[in-house]
Protein chains: 2
Amino acid sequence: MKLSLIFVEVLSAAEENYLKAILKLELEHKVSVPTGALAHAFGIQAPSVTDMVKKLALKKLLKYEKSKGVRLTDKGKKLAIAIIRKHRIWETFLVQTLEFGWEEVHELAEQLEHVHSEKLIDKLEAFLGFPRFDPHGDPIPDKKGTIVSAKAIVLGAAKVGGNYKVIGISDDSTELLHYLNKLHVKLGTKLLLQSREAFDGSLVIKIGSRGTESISAIVANSLLVVED
Amino acid sequence: MKLSLIFVEVLSAAEENYLKAILKLELEHKVSVPTGALAHAFGIQAPSVTDMVKKLALKKLLKYEKSKGVRLTDKGKKLAIAIIRKHRIWETFLVQTLEFGWEEVHELAEQLEHVHSEKLIDKLEAFLGFPRFDPHGDPIPDKKGTIVSAKAIVLGAAKVGGNYKVIGISDDSTELLHYLNKLHVKLGTKLLLQSREAFDGSLVIKIGSRGTESISAIVANSLLVVED
DNA sequence: CCATTTTTTTAGGCGTGTCTAATTTTTTTA
DNA sequence: TAAAAAAATTAGACACGCCTAAAAAAATGG
């Protein structure tokens, strides 16, 4: 006989993926998500989605009205955010600690995010120094589920006169890393965008408390920054 | 239509667990493994095992003769060892890097070992400095599948006059860690066991190139060592 | 506003990995 | 060595998460 005094709902990887996908679609379209959109997102057939959303509705993770799409409940949204949090922390770990390329970590994080252990995620987060953005520039929800809405942008798209902080580098060639090293640009470095050359998109930036430097558009577009 | 030019067999977590359990039982009993033993190991019913071993036999991962138990094929053994390798590297990571207690990592590693990425394991291994034993003192198979057979022993069970290397601490109380710190004993420290007091099992050891110290049997039994 | 198209649901099926009940095979022992 | 006990297998079932085919509902537009 199995007893569990503290009832922790354990979801399957498939269920977790539905919650995550629904949250993303809700955020993009700000309305209830049609089942067809989910079928398309997963590359599966629509009837499979109908079955699953019924099951998730029974678990009170979402509201489902026939032919009217689905909306996450608070409970469902909380779980979805927790999964996104796991995903982004794992991605950060893979890139920052194990030196994976930022383009190759998504698939791996898709697997790792389904490991059930909140303690593991919290410890990883602390080990990584409580990063606020993942290597793609997406914000990492905190333990309470708070997400800052601003996605990081590439410096190339930043506005002249703004103060920014480097939170990621979206190209991991060693050449670029060496170059940035020479400029004393690394994660956390603060930058002031002083001007942009209309002709080639090159930028003049002030790097931390150091002097100003000119960087090409190519470099500017591989630096992820947030307003600071 | 799906094409895969390089055919990589992807096993389910359940299949991987069978392989791992069979290898362990083979090593313990050096004979073919009866289906009942597997049922007992997993806490499931015997007919479930019969079904699964038939499937694994079809995949050429083991030899199955009705009512005569199973034996891994070379292919099956290779995969089983790879899974054990993953498990032990993850355990080492959890204890060494994330500072989990050694008793709490097994269950987590059971999940992490089923993440499919050889590259991830190789990178983790390198990050950890190619550890040769996990936190429980079990040897970590190398990338080729070679396992040293000697499990690490506790220093309390080592023989007088032997040279040993500390590869783990099987008790993670901060008190013990502080004490060991004071003695300058850490992972990798070399010890010479000079004598054992019959009365209370306390030991006199020479620590690295430092002087000799006397340690209690309690401490000796929480130090995992291998002959060096 | 009614017909056509598109979307969604219902119905029924399948492989995985488990189960129980019943049967068969193997082992033990009297 | 034959009967009893133990171990293993077969047979049939079920939840999960997907499928296809067909029906129903919603959206579109002439």
Side-chain angles (χ1 to χ4, degrees), chain A residues 1-2 9-22 25-26 29 31-71 76 79-80 83 110-111 113-114 116, chain B residues 1-2 4 9-22 25-26 28-29 31-71 76 79-80 83 110-111 113-114 116:
Chain A
M1 181 161 81
K2 268 187 197 172
E9 190 144 26
V10 176
L11 300 183
S12 68
E15 289 171 323
E16 293 190 342
N17 285 334
Y18 272 80
L19 295 183
K20 200 176 47 158
I22 293 166
L25 291 170
E26 275 186 9
H29 304 303
V31 289
S32 73
V33 179
T35 55
L38 288 169
H40 181 257
F42 291 125
I44 65 175
Q45 298 305 310
S48 313
V49 175
T50 304
D51 283 355
M52 179 62 104
V53 297
K54 281 180 182 168
K55 198 173 64 170
L56 293 174
L58 276 178
K59 294 190 180 184
K60 310 277 186 208
L61 297 170
L62 50 79
K63 285 255 192 298
Y64 166 60
E65 283 183 279
K66 248 195 220 174
S67 297
K68 289 193 179 165
V70 299
R71 296 210 69 158
L79 284 171
I83 297 154
E110 289 282 313
Q111 295 184 60
E113 73 190 4
H114 301 300
H116 294 293
Chain B
M1 179 160 87
K2 271 188 195 168
S4 44
E9 191 143 22
V10 176
L11 301 183
S12 67
E15 290 171 323
E16 292 189 344
N17 285 334
Y18 271 81
L19 294 183
K20 199 176 49 158
I22 294 165
L25 290 169
E26 275 186 10
E28 278 168 29
H29 304 304
V31 289
S32 74
V33 178
T35 55
L38 288 169
H40 180 258
F42 291 125
I44 65 175
Q45 299 304 311
S48 313
V49 175
T50 304
D51 283 355
M52 180 61 104
V53 297
K54 280 180 184 169
K55 199 173 63 168
L56 294 174
L58 275 178
K59 294 190 180 184
K60 308 277 186 209
L61 297 170
L62 51 78
K63 284 255 194 295
Y64 166 60
E65 284 182 280
K66 249 196 218 172
S67 297
K68 288 193 178 165
V70 300
R71 299 210 67 159
L79 284 170
I83 298 154
E110 289 282 313
Q111 294 184 61
E113 73 189 3
H114 300 300
H116 294 293

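Just so it is clear: chains get the letters A, B, ... in the order the sequence lines come, proteins before strands, and each one is counted from 1. Just so you know, these numbers use all the heavy atoms, side chains as well, and skip hydrogens, waters and symmetry mates. Worth saying up front: this structure is predicted, and the values here are computed from it rather than measured.
Between the P atom of C:dG15 and the CG atom of B:Leu58 lies a distance of 14 Å, rounded to the nearest Å. In this structure, the CD atom of B:Glu15 is 9 Å from the C1' atom of C:dT16, given to the nearest Å. Taking atom CE of B:Met52 as the reference point, atom P of C:dC19 lies 11 Å away to the nearest angstrom. In this structure, A:Gln45 atom CD and C:dT6 atom C1' are separated by 15 Å, rounded to whole Å. Taking atom CD of B:Glu65 as the reference point, atom C1' of C:dT26 lies 15 Å away to the nearest angstrom. Separating the CG atom of A:Leu38 from the P atom of C:dT9 is a distance of 11 Å, rounded to the nearest angstrom. When rounded to the nearest whole Å, the span between NZ of A:Lys59 and C1' of D:dC16 equals 10 Å. Look at NZ on A:Lys54: it is 10 Å from C1' on C:dA11, rounded to the nearest Å.
Side-chain atoms of B:Ile44 lie closest to C:dC19 of the nucleotides C:dC19, D:dC18, C:dT9. Checking D:dC18, D:dT9, C:dT8 against the side-chain heavy atoms of B:Lys66 singles out D:dT9 as nearest. Distances were taken from every side-chain heavy atom of A:Pro47 (C-beta onward) to each of D:dA25, D:dA21, C:dT18; the shortest belongs to D:dA21.
Taking all atoms of both residues into account, the shortest heavy-atom contact from B:Leu19 to B:Gly76 is CD1-O, 4.2 Å.
Within the 4.0 angstrom heavy-atom criterion, no nucleotide atom of any strand lies near B:Phe42. Among the heavy atoms of the strands lying under 4.0 Å from A:Thr35 are primed sugar atoms or P, OP1, OP2 only; no base atom is included. Note on A:Thr50: a base of the nucleic acid sits closer than 4.0 angstrom, heavy atoms only.
A donor and an acceptor atom sit less than 3.5 Å apart, one in the side chain of A:Asp51 and one in the base of D:dC18.
The residue among A:Lys68 and B:Pro34 whose nearest nucleotide of DNA chain D lies closer to the 5′ end is B:Pro34.
Under 4.0 angstrom from either OP1 or OP2 of C:dT8 there lies no side-chain N or O belonging to A:Tyr64.
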